[in-house]
Amino acid sequence: MFGEDRIAEQLSQVRESLAQRAEMPGAQAEPILTEASDGRIKVTLGTDGRFERIKMTLSALKDGPDALVQQLTLAVNDALDQRSAQTAAAGPAPDMAAMHEQAARMQDASVRQFQDMNAAIGDLMGRLYGGR
């Protein structure tokens with residue numbers, strides 16, 4: 001066969017990748033790290049846009065709970081603003097579900113075409129060598 005299995009495998013990998021991406025719309029490539037309170041508070045958004053980590057030094061507590069909440073709010077909002085800016089700069093997100101469906105149709109069509117070509121070549125070979 002003319003690489004039918006290899007092409008089917010590659011298309012399956014593409015479909016799997018598209019299916020995974022469809023589950024994570026708007027994901028960014030790298031985590032976003034922001035700081036507040038002169039670097040004493042650090043907030044990280046994961047690549048899925050959700051909180052990954054909040055890290056702070058003991059000295060971040062020195063100004064009291066109200067100041068801590070205010071600084072945490074600033075750091076979180078800064079991280080969310082950065083994510084929004086990255087998403088806007090990237091343009092509209094592609095329709096991953098539609099791309100997955102298209103890859104599935106391509107895979108199905110290519111397998112059928114390879115089967116038809118294989119049958120036609122087998123038929124031709126049978127005629128060429130069957131006539132001897």
Side-chain angles (χ1 to χ4, degrees):
M1 287 193 217
F2 298 93
E4 174 184 336
D5 293 337
R6 180 67 183 137
I7 291 174
E9 179 184 327
Q10 289 174 334
L11 285 169
S12 290
Q13 290 171 353
V14 167
R15 289 178 63 189
E16 182 179 326
S17 176
L18 288 171
Q20 289 173 354
R21 292 283 302 178
E23 295 170 5
M24 305 182 308
Q28 74 247 7
E30 298 289 328
I32 296 172
L33 174 68
T34 60
E35 295 182 359
S37 191
D38 298 323
R40 296 179 293 164
I41 298 173
K42 297 180 182 184
V43 172
T44 304
L45 283 184
T47 56
D48 60 356
R50 298 178 61 89
F51 284 113
E52 189 172 283
R53 180 178 311 128
I54 296 176
K55 187 176 179 180
M56 66 182 82
T57 64
L58 288 175
S59 64
L61 302 173
K62 74 176 183 165
D63 296 327
D66 291 336
L68 177 62
V69 168
Q70 181 183 24
Q71 292 300 307
L72 278 169
T73 302
L74 290 172
V76 169
N77 285 335
D78 184 36
L80 293 172
D81 289 346
Q82 285 184 40
R83 184 172 192 280
S84 293
Q86 286 179 5
T87 303
D95 184 348
M96 299 306 285
M99 291 176 69
H100 181 263
E101 288 177 28
Q102 185 176 9
R105 286 193 304 270
M106 286 174 42
Q107 182 178 18
D108 293 343
S110 67
V111 168
R112 282 192 303 275
Q113 288 174 344
F114 271 110
Q115 289 170 343
D116 292 346
M117 285 188 332
N118 193 30
I121 290 171
D123 183 50
L124 178 62
M125 298 299 281
R127 289 182 189 177
L128 288 173
Y129 294 109
R132 288 186 177 183

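Closest of all the heavy-atom pairs between G49 and L45 is O-CD2, 3.7 Å. Summarising the geometry of A60 relative to M56, their closest heavy-atom pair is CB-CB, 4.1 Å, with the distance given to 0.1 Å. Considering every non-hydrogen atom in both Q71 and I41, the closest pair reads CB-CD1, 3.6 Å. The two residues R83 and D48 make their nearest non-hydrogen contact at NH2-O, 4.0 Å.
L80 and F51 end up in the same hydrophobic cluster when Ile, Leu, Val, Met, Phe, Trp and Tyr side chains are linked at under 4.5 Å. Residues V76 and I32 are members of one and the same hydrophobic cluster, defined by side-chain heavy-atom contacts under 4.5 angstrom among Ile, Leu, Val, Met, Phe, Trp and Tyr.
Counting heavy atoms of neighbouring residues, nucleotides and ligands inside a 6.0 Å radius, atom CG of L124 exceeds 12 of them.
For the pair L74/D78, no side-chain contact is recorded, criterion being any heavy-atom separation below 4.5 Å from C-beta on. Looking only at side-chain heavy atoms (C-beta outward), L72 and I54 come within less than 4.5 Å of each other. No side-chain heavy atom of T47 sits under 4.5 Å from any side-chain heavy atom of E30.
Without hydrogens or angle criteria, T34 side chain to A75 main chain gives a donor-acceptor distance under 3.5 Å.
Among residues two or more places apart in sequence or in another chain, the side-chain hydrogen bond (donor to acceptor under 3.5 Å, both in side chains) test is passed with S37 by R40. Partners of D123 by side-chain hydrogen bond (donor to acceptor under 3.5 Å, both in side chains), not counting sequence neighbours, listed by chain and number: R127. Applying the side-chain contact (heavy atoms from CB on, under 4.5 Å) test to T73 and every residue at least two apart in sequence or in another chain returns V69, N77.
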